[in-house]
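We count residues from 1, following the sequence as given. Since the structure is predicted, the reported quantities are computational estimates derived from the model, not experimental observations.
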Amino acid sequence: MASKFNILDLMNEKTREQINQGTAAGFREIILEYMEIVKTEHNCYTMEELQELATGILLGGLQEPLVLGLVDGKYLLSSGHRRLAAIEILVAEGHEEFRMIPCRYKIQSMIEFRMAILIGNTFNRKMTDFDIMNQARQWKEVLTQAKKEKAIVLDHGERIREYVAEILKEPPEKIKQLQAIDNNAVESVKEEFAKGNLKTTAAYAASSLPEDKQEEIAARAAAGQDVKCDEIRQQTEKNKKDKKEELKTPEISDTDTAEEERQNAGKLHALKMLEKYYIYLSEEEVGILGRMLEDCKRRKREYAIEEG
C-alpha cells in the first residue's frame, strides 16, 4: 500500500524539484544497463532533437542521472525519457561506454510512480491548453485512485478538480472547461484544438453541440476559418430553441382557431361527457353507439389507417 502523504506537498516547488531529480528522501543510487530500464505509456509527449541531445551527451557525458521507480520489481523510467532515447542512439552507433547508466531509484507503488512522472511532465514543460487537458485527466485519475487507496490526504470538503487546478496552477473554471472538451468533444474538434486552430473557449462551446455540428465546426477550423466562441454559442442557443419547439405538442381546446381542431375538440368533449354519464344511457342509445363504432371502424379500414 502507498505511504500516506499530504497532496499540498506536490505544490511545493522544492518538493517537486527533489522528486523530479531523484534527490528526495528514499532515493538510492544505482548503475543499470540501459535495457533494464522500462519505459511506460504514461509519458505522452513527443521527443524532439534527440540527435542533438545524443551529440551533447557524447561530448559532455550524462550530466544528470535518470530517475526511476522500482515498482513490483521493475525499474520504471520516471524522469529522463529524452536522455534515455539519446543514449539508445549512441549505443546503436557503437558507443558501448554509454550502455551502463547512472540512475536514482525509489521503491514505489504504481500510484506514487504515476504521480512522480506527472510531476516531471507537468512542471518541466511549457504546455499548451491541449497538454493541460491531458494532464488534468491524468491527475484526476491518479488522485481519485490515490484517494480510494487512502494514500493521500485531502482537506475536508475539497474536490479532486480543485486540487488538479491548484497543482496545474490554472483557474478551476478553466479545468472544468478542459474536462468538458476531453469528455464531450468529437475527435476532429480535439485535433483542431491540439493544433491551435480552435481556442479553448471555442472548443468548449463546440463540445456542447450535437456531433454533426461539431464536425462542421472542426472542418471550418481545419480550412483556416476563425471560428469564434460567440458564434458557436449562438448556434448552441438555436439548437436548444429548436429542440424545445420539437418537444411542444399542440393543445386542443374550444378556443382553437383552426376549424378542424375546433371540431376535434368538440368530439372529444362529447366522448368525455358520454363516459361520465354512460350509466344513464338507454338500450336504444347503446345500440346507436354500437352502430356508430362499427361505422367508424369501417371508415378507418377504407382510409387504410392501421389499427392502433
Grouping I, L, V, M, F, W and Y whenever their side-chain heavy atoms are under 4.5 Å apart, do V91 and L77 come out in a common cluster? yes

Taking atom CD of E284 as the centre, report whether more than 12 heavy atoms of other residues, nucleotides or ligands fall under 6.0 Å from it. no

Please check: side-chain N/O of K213 versus main-chain N/O of I232, any donor-acceptor pairing under 3.5 Å? no

Using side chain to side chain contact (heavy atoms under 4.5 Å, CB included), reason through M127 and E170 one step at a time and then give a plain yes or no. CA-CA 12 Å; M127 295 191 295; E170 296 288 349; over 6 Å; no

So, the side chain of D295 versus the backbone of M292: is there a donor-acceptor pair under 3.5 Å, distance only? no

Side chain to side chain contact (heavy atoms under 4.5 Å, CB included) assessment of I167 paired with L118: CA-CA 10 Å; I167 289 171; L118 276 172; over 6 Å; no

Please lay out, stage by stage, how D129 and F193 fare under the test side chain to side chain contact (heavy atoms under 4.5 Å, CB included). CA-CA 8 Å; D129 281 356; F193 178 45; 3.8 Å; yes

Separation between OG of S78 and CD of E112, rounded to the nearest 0.5 Å: 11.5 Å

Student check: side-chain heavy atoms of P102 and L62 closer than 4.5 Å: yes

Linking I/L/V/M/F/W/Y whenever their side-chain heavy atoms sit closer than 4.5 Å, directly or via other members, would I30 and F113 fall into one cluster? no

Shortest non-hydrogen contact between D182 and K190, atoms and distance: O-NZ, 2.7 Å

Side chain Q177, main chain Y204, donor-acceptor under 3.5 Å: no

Decide whether Y75 and F98 are clustered together by the hydrophobic rule: side chain heavy atoms of Ile, Leu, Val, Met, Phe, Trp, Tyr closer than 4.5 Å, transitively. yes

Supply the atom-to-atom distance E283 CD to I288 CD1, rounded to the nearest 0.5 angstrom. 11.5 Å

Indicate yes or no: at least one non-hydrogen side-chain atom of Q63 is less than 4.5 angstrom from one of I57. no

Identify the two heavy atoms, one from T144 and one from K140, that lie closest to each other, and give their separation to 0.1 Å. OG1-O, 2.6 Å

Check the pair E93, I89 against side chain to side chain contact (heavy atoms under 4.5 Å, CB included), reporting the backbone distance first and the verdict last. CA-CA 6 Å; E93 291 176 349; I89 291 174; 3.6 Å; yes

What's the shortest heavy-atom distance between G80 and L66, and which atoms? O-CD2, 3.7 Å

Straight-line distance of E162 CD to I175 CD1, nearest 0.5 Å: 11.5 Å

For E96, I'd like to know if atom CD has over 12 heavy atoms of other residues, nucleotides or ligands within 6.0 Å. yes

Separation between CE of M115 and CD of Q138, rounded to the nearest 0.5 Å: 12.5 Å

Neighbour count above 12 (heavy atom, 6.0 Å) for R28 CZ: no

Residue pair L70 / I107, side-chain heavy-atom distance below 4.5 Å: yes

Which distance, rounded to the nearest 0.5 Å, do you find between the CD1 of I160 and the CH2 of W139? 11.0 Å

Check this for me, if you would: do E141 and R114 make a salt bridge, where the nitrogen-to-carboxylate-oxygen distance has to be below 4.0 angstrom? yes

Could you tell me which non-hydrogen atom of E192 sits nearest to which non-hydrogen atom of N197, and how far apart they are? OE1-ND2, 2.7 Å

If you define the side chain from C-beta out and look only at heavy atoms, does anything of V227 sit under 4.5 Å from E216? no

If I take atom CD from residue Q225 and atom CD1 from residue I217, how far apart are they, to the nearest 0.5 angstrom? 11.0 Å

Is it possible for you to say whether V67 and I117 belong to one hydrophobic cluster, with membership spreading through side-chain heavy-atom contacts below 4.5 Å? no

Minimal heavy-atom distance between K174 and I132, with the atoms involved, is NZ-CD1, 4.4 Å

Can I111 be reached from L68 by stepping across I, L, V, M, F, W or Y side chains whose heavy atoms are under 4.5 Å apart? no

CG of D72: more than 12 outside heavy atoms within 6.0 angstrom? no

Flag side-chain contact, heavy atom, 4.5 Å: T55 against Q51: yes

How far apart are the closest heavy atoms of P172 and R161, and which atoms are they? O-CD, 4.2 Å

Run through Q214, E215, E211 and flag the one making a side chain to side chain donor-acceptor pair (under 3.5 Å) with S188. E215

